[in-house]
Amino acid sequence: MDIIPKSNVVHRFEKRSLLIAINCVAGLSIFFFGYDQGMMGGVNNAPNYYYTTMKFGHPDPVTGAPVITNTLLQGGIVSVYYLGTLVGCLVGGSFGDRYGRIKTIALGAAWAILGATLQTSAQNHVWMIFARLINGWGTGILNAIVPVWATETAEHTSRGQFVSIEFTLNIFGVVVAYWLEYGCGFYKNGTTSFTWRFPIAFQIIPLLFLLAIVWFFPESPRWLTKVGREEEARYILGRLRGETGADAGRAEAEFQDIRNIAELERKTAKSQSYFAMLFGIGSGKLHTGRRVQLVVWLQIMQEWIGIAGVTIYAPTIFRIAGMSNSKVQWISGLNDIFYMFSTLICVFTLDRIGRRYTLYWGSVGQGIAMFLAGAFSRLGLNATNRGEIHKAAGYGDAAVAMIYVFTFVFGATWLTVPWLYPAEIFPLEVRAKGNAWGVVGWSIGNGWLCLLCPVMFKALGEKTYYIFGACNVITIPMVWAFYPESSQRTLEEMNLLFASDSIFNWEAERNFAILKEQNPEITHAAARGHSVVDPEHGIRSGSVARGMSLDADPSRLHGHNDAIDEKQTFKHS
């Protein structure tokens, strides 16, 4: 394939080796994302940062713990980053659908490097606010496009596994950020600007590496097909799926699926702007408006079930539980390590039990942990006020254990699904834009919560846990009623899954079963699983796509399928 540069790794690796290489690069971006999130927890506790430079608090003269005098400024500096990600993801989604996944990843890395450099050199809170905004813009671009690139190259039977591995690296980034800051705190007793400037600067290293190597990786074959570069797309797909032995025909069948669905989408949807997507204007049976609402609210709820507060304000939470300032530091770091290992559970379960059941058991476990954390914290505070130090310590330990349980369950469930789902369910024509809407929801949920967290903890104390617990309860009927299962279904099948005019999951599944039987040509590759496909029999390019429809007609089923069966006997052109 002379069109693709010889330096591209697609010529050296194939099948699982190529998928692993792609996901390592995607994981590098996700590692930066985790590091960037976890970094502010330690930065907020550096005296030179909150007292000398940003001036929103001062150290307690007895314990040395931060005493925040301007919670709005503290929360504002953290949360303005998510305003940047909101803008950046919209830019990234639009740029990604127009110019490709690889160029968009490079753009996001370059922009994030600029933001990280400005943060490192910040001299006051105004400077820091604008630097955080720029850094968030770059992160938003990366978050909008990297999951799309990963899911478009992976097989439908293992998408969840690969994305779960990437999010293990995400939490590894949180762990690295925390312990790096912990170590920096020993330099000159943590009183210099090095304590917070070096950890911020450290994120530039993975970003530079990402910017350098992404050019040597293959573009998404689905995006290449969409823009008419079919020769490149077919070659890359062949390298991803294999062309010999038991794999013969798999890439060709999947390629024909992609071509057919791309043609169907162009005929079905009449408008692809963000505004049109939000309200479903001109999308017809693709129902992009419904998909946008689903991913936005899934991401908002991911933050409001409590993880944003636990990740960024863990030291504050442990102090409420009665922990000393020195004890808080290593307890928070140990919690992050448990969090990272919990993500490995999702690697083995997400594709087996599906997205919906993963969210169900996560909501139950997290909700119980949040309610108990609030109760034990209150008992600990009451015991402290009565002078019962031994009891207070026991209740404090129990509250900390519940925070550990919460983060462990979250890492195994809710961490990955809200990022994977948006990258799976949108039409090819607007997949990057669709995933960007998911990042919009994450930005709103995270920014809103980070802004309010200091205020809530100051006004409500341990009762803040009950708000998080209640949000977990709300998610169970929400997922049950509105979110169809995407596991073990190809990206091309998603248009059939969301073709129902009803917003309810059970109607979507019923309609999907009818459409799948009426339109076997849309799911040609998936229908055969991983069995050998005869390369002499398949779907002739462009011949059956004209007859495809997203209108379910039950009268065509049960005895009316002769024409459908006949359509599958065409040979390749």
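Because the structure is predicted, anything quoted here is derived from the model rather than measured.
- Panel note: side chain Ser94, backbone Val91; no donor-acceptor pair is recorded below 3.5 Å.
- Remark: Lys103 pairs with no residue by the side-chain hydrogen bond (donor to acceptor under 3.5 Å, both in side chains) rule, at least two apart or across chains.
- With ring centers used as reference points, Phe408 lies 6.0 Å or more from Tyr339.
- Counting heavy-atom neighbours within 6.0 Å of Trp111 CH2, excluding the residue itself, gives a total of 12 or less.
- Ion pairing between Arg489 and Glu509 holds under the 4.0 Å rule for side-chain N and carboxylate O.
- Contact check for Ser486 versus Tyr421: side-chain heavy atoms found under the 4.5 Å cut-off.
- Taking the six-membered ring for Trp and the full ring otherwise, Trp506 and Trp480 have centroids separated by under 6.0 Å.
- A ring-centre distance under 6.0 Å is found for Trp442 and Tyr82.
- Taking the ring axis of Tyr274 as reference, the NZ or CZ atom of Lys433 stays within 45° of it and closer than 6.0 Å to the ring centre.
- Ser158 places no side-chain N or O within donor-acceptor distance of the main-chain N or O of Gln161, the cut-off being under 3.5 Å.
- Residues satisfying the side-chain contact (heavy atoms from CB on, under 4.5 Å) criterion with Asn8, sequence neighbours excluded, are Ile4, Val10, His11, Pro218.
- Thr343 places none of its side-chain heavy atoms less than 4.5 Å from the side chain of Phe172.
- Looking only at distances, no side-chain donor or acceptor of Trp137 sits under 3.5 Å from a matching main-chain atom of Ala112.
- A heavy-atom distance below 4.5 Å is found between the side chains of Ile22 and Trp149.
- Here OG of Ser500 is found 6.5 Å from NE2 of His287. Values are rounded to the nearest 0.5 Å.
- Residue Arg159 forms a side chain to side chain donor-acceptor pair (under 3.5 Å) with just one option from Glu152, Gln488, Glu424, and that option is Glu424.
- Here CD1 of Ile261 is found 8.0 Å from OG1 of Thr490. Values are rounded to the nearest 0.5 Å.
- Remark: Arg222 engages Glu492 in a salt bridge, criterion side-chain N to carboxylate O under 4.0 Å.
- Atom CG in Leu350 sits 12.5 Å away from atom CD1 in Ile345 (nearest 0.5 Å).
- Between Tyr465 and Phe371, the ring centre distance reaches or exceeds 6.0 Å.
- Residues Trp419 and Asn170 are not in side-chain contact: their nearest non-hydrogen atoms beyond the backbone lie 4.5 Å or more apart.
- With values rounded to the nearest 0.5 angstrom, Leu264 atom CG is found 12.5 Å from Lys285 atom NZ.
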Q.
Leu515 vs Asn511, test: side-chain contact (heavy atoms from CB on, under 4.5 Å). Steps then yes/no.
A. CA-CA 6 Å; Leu515 284 172; Asn511 196 70; 3.3 Å; yes
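- Separating the CZ atom in Phe426 from the CG atom in Leu294 is a distance of 8.0 Å, to the nearest 0.5 Å.
- Side-chain contact between Pro427 and Met494: absent, with no pair of heavy atoms (C-beta onward) separated by less than 4.5 Å.
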Q: Show the numbers, then the answer: is there a side-chain hydrogen bond (donor to acceptor under 3.5 Å, both in side chains) between Gln299 and Glu303?
A: CA-CA 7 Å; Gln299 286 280 24; Glu303 304 311 317; over 6 Å; no
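- Using cut-offs of 30° and 60° for the angle between ring planes, the Phe167 and Phe33 rings count as perpendicular.
- Looking at Phe410 and Ile305, their side chains come closer than 4.5 Å, going by heavy atoms from C-beta outward.
- Arg250 forms no cation-pi arrangement with Phe255, by the criterion of a distance under 6.0 Å to the ring centre and an angle within 45° of the ring axis.
- Side-chain contact check for Glu232 versus Glu219: every heavy-atom pair is 4.5 Å or farther apart.
- Remark: Glu429 does not engage Lys226 in a salt bridge, criterion side-chain N to carboxylate O under 4.0 Å.
- Within the 4.5 Å cutoff, the side chain of Leu224 has no heavy atoms near those of the Glu230 side chain.
- Ser17 places no side-chain N or O within 3.5 Å of a backbone atom of Phe13 that could act as its donor or acceptor partner.
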Q) After noting the C-alpha distance and the side-chain angles of Trp448 and Ser443, does the key distance pass the side-chain hydrogen bond (donor to acceptor under 3.5 Å, both in side chains) rule? A) CA-CA 8 Å; Trp448 183 16; Ser443 302; over 6 Å; no
(Q) Walk me through whether Thr413 and Thr358 qualify under side-chain hydrogen bond (donor to acceptor under 3.5 Å, both in side chains). (A) CA-CA 5 Å; Thr413 57; Thr358 298; over 6 Å; no
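- Separating the CH2 atom in Trp304 from the CG atom in Leu452 is a distance of 5.0 Å, to the nearest 0.5 Å.
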